[in-house]
**Q** 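To start, I am sharing the structure in question, which I have written as structure tokens.
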Amino acid sequence: MTSLFLRDLKLAMRAGGGALIGVLFFMTVVAVVPFAVGPDLNLLSRIGPAILWIGALLASLLGLDRLFQAEREDGSLDLMLMQQTPLVLTVLMKCLAHWTATGLPLVIAAPLLGLFMNMNEVAIGATMLTLLAGTPAITLIGAAGAAVAVTLPRGGLLVSILVLPLTIPVLIFGVSAAYAAVEDPAPFLPPFLILIAITLFFAVIGPLSAALALRAASD
């Protein structure tokens, strides 16, 4: 499992720029917002957590179609299906490597972009914490979509279409928890715990669905 994690981490970093492309896209999405809404610093600080979450969500969709594409192209996908290690665990490890290469850099970049949106320290910390808890769910959901589209030559758009509606609960509770941290009447813990529960739920359902889809695609 460790060797598989390191292998997939290297592949995720190399393919299409890896973390760099995701971070640049994240920065681009956040950077264009002030030009659209104007130079109102109070407005930017209010919508900052939502903009960071939307940017991270869209950036996380990049590269999901390549989650199993390399194995499909070099034939190692058949070996994955025949190995003794449960396919669910293999998919889970691949998701962890993919998130480490593409999702974790977004979390690290969030504080800098939060300053760009005129967010205070509490809002930046809450947004970063919710991204850390919620972005793995996006990768886990994306694994199922990537497995469904693995046999298609250009399945990137299909993966985004399949995954985006399923990530709406993650976006809702992630933004709600971030806003609750800076608004006194609203408690931070309930939406944050729900966000963690969603991630844990998809940690079970996502790899299982992806494994079933991969076996179906191989038949």
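What you see is a predicted model, and the numbers here were worked out from it, not measured in a lab.
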**Q** Under a 4.5 Å cut-off applied to non-hydrogen side-chain atoms, are I138 and W99 in contact?
**A**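 No; the side chains remain at least 4.5 Å from each other.
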**Q** Between I198 and V204, is there a shared hydrophobic cluster once you connect ILVMFWY residues whose side-chain heavy atoms come closer than 4.5 Å?
**A**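 They do not share one cluster, since no chain of ILVMFWY contacts under 4.5 Å joins I198 to V204.
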**Q** Please give me the minimum heavy-atom distance between L195 and G174, naming the atom from each residue.
**A**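 Heavy atoms of L195 and G174 come nearest at CD2-CA, 3.9 Å.
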**Q** Should L164 and L57 count as side-chain neighbours, where that means a heavy-atom distance under 4.5 Å?
**A**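 Of all side-chain heavy-atom pairs linking L57 with L164, at least one is under 4.5 Å.
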**Q** How far does CD of E183 sit from CZ of R46, to the nearest 0.5 angstrom?
**A**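 Taking CD in E183 and CZ in R46, the distance rounds to 10.5 Å.
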**Q** Does a side chain donor of either T127 or W53 reach within less than 3.5 Å of an acceptor in the other side chain?
**A**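 Absent: no donor and acceptor within the cut-off.
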**Q** I need the single residue from V33, V175, L113 that forms a side-chain contact (heavy atoms from CB on, under 4.5 Å) with I51. Which is it?
**A**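 Going through the options one by one, the only one that passes is V33.
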**Q** Looking only at non-hydrogen atoms, find the nearest pair between F188 and A177 and report the distance.
**A**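 Shortest heavy-atom separation between F188 and A177 comes out as CD1-O, 3.0 Å.
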**Q** Quick check: do P136 and T139 have side-chain heavy atoms less than 4.5 Å from each other?
**A**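 A side-chain contact under 4.5 Å is absent here.
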**Q** Is there a side-chain contact between L140 and F201, using heavy atoms and a 4.5 Å cut-off?
**A**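 L140 does not reach F201 side chain to side chain.
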**Q** Rounded at 0.5 Å granularity, tell me how far CG in L87 sits from NZ in K94.
**A**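 If we round to the nearest 0.5 Å, L87:CG and K94:NZ are 10.0 Å apart.
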**Q** Quick check for you: to the nearest 0.5 Å, what is the distance between I196 atom CD1 and L189 atom CG?
**A**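 Here the rounded value is 8.0 Å.
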**Q** Can you check whether L96 reaches M93 side chain to side chain, under 4.5 Å on heavy atoms?
**A**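 A side-chain contact under 4.5 Å exists here.
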**Q** Given the rule that I, L, V, M, F, W and Y join up when any side-chain heavy atoms are under 4.5 Å apart, are I172 and L166 in one cluster?
**A**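 The answer is no; the residues belong to distinct hydrophobic clusters.
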**Q** When clusters are formed by joining ILVMFWY residues with side-chain heavy atoms under 4.5 Å apart, either directly or through shared neighbours, do I54 and F173 land in the same one?
**A**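 Yes, because I54 and F173 connect within a single hydrophobic cluster, where side-chain heavy atoms sit under 4.5 Å apart.
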**Q** State the CG-CD distance between L115 and E121, to the nearest 0.5 angstrom.
**A**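 Atom-to-atom, L115:CG and E121:CD are 8.0 Å apart.
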**Q** For P165 and S160, work out which heavy atoms get closest and say how close.
**A**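 Result for this residue pair: CD-O, 4.4 Å.
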**Q** Is there a path from V37 to V30 through hydrophobic residues (I, L, V, M, F, W, Y) whose side chains come within less than 4.5 Å of each other?
**A**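 Same cluster: V37 reaches V30 through Ile, Leu, Val, Met, Phe, Trp or Tyr contacts under 4.5 Å.
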**Q** Within this structure, what is the CZ-CG distance for the pair F25 and L61, rounded to the nearest 0.5 Å?
**A**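 Interatomic distance, F25 CZ to L61 CG, rounded to 0.5 Å: 8.5 Å.
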**Q** Does any part of the side chain of I141, heavy atoms only, come nearer than 4.5 Å to the side chain of I205, both counted from C-beta?
**A**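 Side chain of I205 against side chain of I141, heavy atoms only: no contact under 4.5 Å found.
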**Q** Minimum heavy-atom separation for P49 to A178, with atom names?
**A**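 Shortest heavy-atom separation between P49 and A178 comes out as CB-CB, 3.8 Å.
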**Q** I'd like to check H98 versus L64 (side-chain heavy atoms, cut-off strictly below 4.5 Å). Are they in contact?
**A**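 Yes; the side chains approach each other to less than 4.5 Å.
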**Q** At their closest point, which heavy atom of M117 faces which heavy atom of I47, and how far apart are they?
**A**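 In this case the closest contact between M117 and I47 is CE-CG1, 4.3 Å.
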**Q** Give the cluster check for L200 versus L129: same hydrophobic cluster or not, with ILVMFWY residues linked at side-chain heavy-atom distances below 4.5 Å.
**A**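 Yes, same cluster.
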**Q** If I compare all heavy atoms of S45 with all of N118, which pair ends up nearest, and what's the gap?
**A**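 Heavy atoms of S45 and N118 come nearest at CB-O, 3.1 Å.
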**Q** Are L44 and P34 side-chain neighbours, meaning at least one heavy-atom pair lies under 4.5 Å?
**A**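 In contact.
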